[in-house]
Engineer: 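My questions will all concern the structure given below.
Note that ligands are numbered from 1 as they come in the structure, with each ligand's atoms numbered from 1 the same way.
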Amino acid sequence: MLSGVKCTVSNCKFWKSGEHCDASEIEVNVDGGGKAARQSEQTNCRTFYQK
Ligand code: SF4
């Protein structure tokens with residue numbers, strides 16, 4: 001489990017109850033590509049895998 005990561009995406013195969021992520025590592029990118037986001041809504045977890 002990744003301590004310190006809070007995730008609410010409950011249909012991800014790595015998600016565990018209590019809003020935890022059970023992946024060994026995650027990748028987070030900017031929506032639409034690029035290297036700069038202006039707000040949190042423009043970022044996303046690329047490790048997500050639908051269960
Ligand atoms: S891999 Fe990403 S989307 Fe899936 S539980 Fe972890 S943080 Fe959430």
Side-chain angles (χ1 to χ4, degrees):
M1 187 175 79
L2 288 174
S3 65
V5 172
K6 174 184 175 182
C7 182
T8 59
V9 188
S10 61
N11 69 324
C12 175
K13 76 172 188 175
F14 297 110
W15 188 85
K16 297 295 179 191
S17 66
E19 300 184 338
H20 297 304
C21 174
D22 203 33
S24 58
E25 60 184 9
I26 61 172
E27 177 181 342
V28 180
N29 290 334
V30 179
D31 281 341
K35 297 290 186 186
R38 291 197 180 93
Q39 51 194 355
S40 59
E41 288 81 2
Q42 295 175 326
T43 66
N44 65 74
C45 177
R46 297 294 291 182
T47 309
F48 168 81
Y49 193 89
Q50 187 176 10
K51 65 180 174 185

Engineer: How far apart are the closest heavy atoms of V30 and K35, and which atoms are they?
Structural biologist: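 Where V30 meets K35 most closely, the heavy atoms are CG2-C, 3.9 Å.
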Engineer: Would you mind listing which atoms of ligand 1 come within a distance below 4.0 Å of any non-hydrogen atom of C7?
Structural biologist: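 In order of number, 3 (S), 5 (S), 7 (S), 8 (Fe).
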Engineer: Taking all non-hydrogen atoms of both residues into account, name the closest pair between C21 and V5 and its distance.
Structural biologist: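 Looking at all heavy atoms of both residues, the closest pair is CB-CG1, 4.0 Å.
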Engineer: When you group the ILVMFWY residues by side-chain heavy-atom contacts below 4.5 Å and let the links chain together, are W15 and I26 in the same group?
Structural biologist: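 No, because I26 and W15 fall into different hydrophobic clusters, even though each may have its own neighbours under 4.5 Å.
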Engineer: I need the atoms of ligand 1 closer than 4.0 Å to a non-hydrogen atom of C45, numbered in the order shown.
Structural biologist: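 Answer, ordered by atom number: 1 (S), 2 (Fe), 3 (S), 7 (S).
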Engineer: How far apart are the closest heavy atoms of T47 and E27, and which atoms are they?
Structural biologist: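 Looking at all heavy atoms of both residues, the shortest contact is OG1-N, 2.8 Å.
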Engineer: Look at atom 6 (Fe) of ligand 1 and say which protein heavy atom is nearest, naming residue and atom and giving the distance to 0.1 Å.
Structural biologist: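 Sorting protein heavy atoms by distance from atom 6 (Fe) of ligand 1 puts C21 SG, 2.4 Å first.
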Engineer: So, 2.8 Å as the limit: is an N/O/S atom of C12 located closer than that to atom 4 (Fe) of ligand 1?
Structural biologist: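 So C12 counts as coordinating atom 4 (Fe) of ligand 1, yes.
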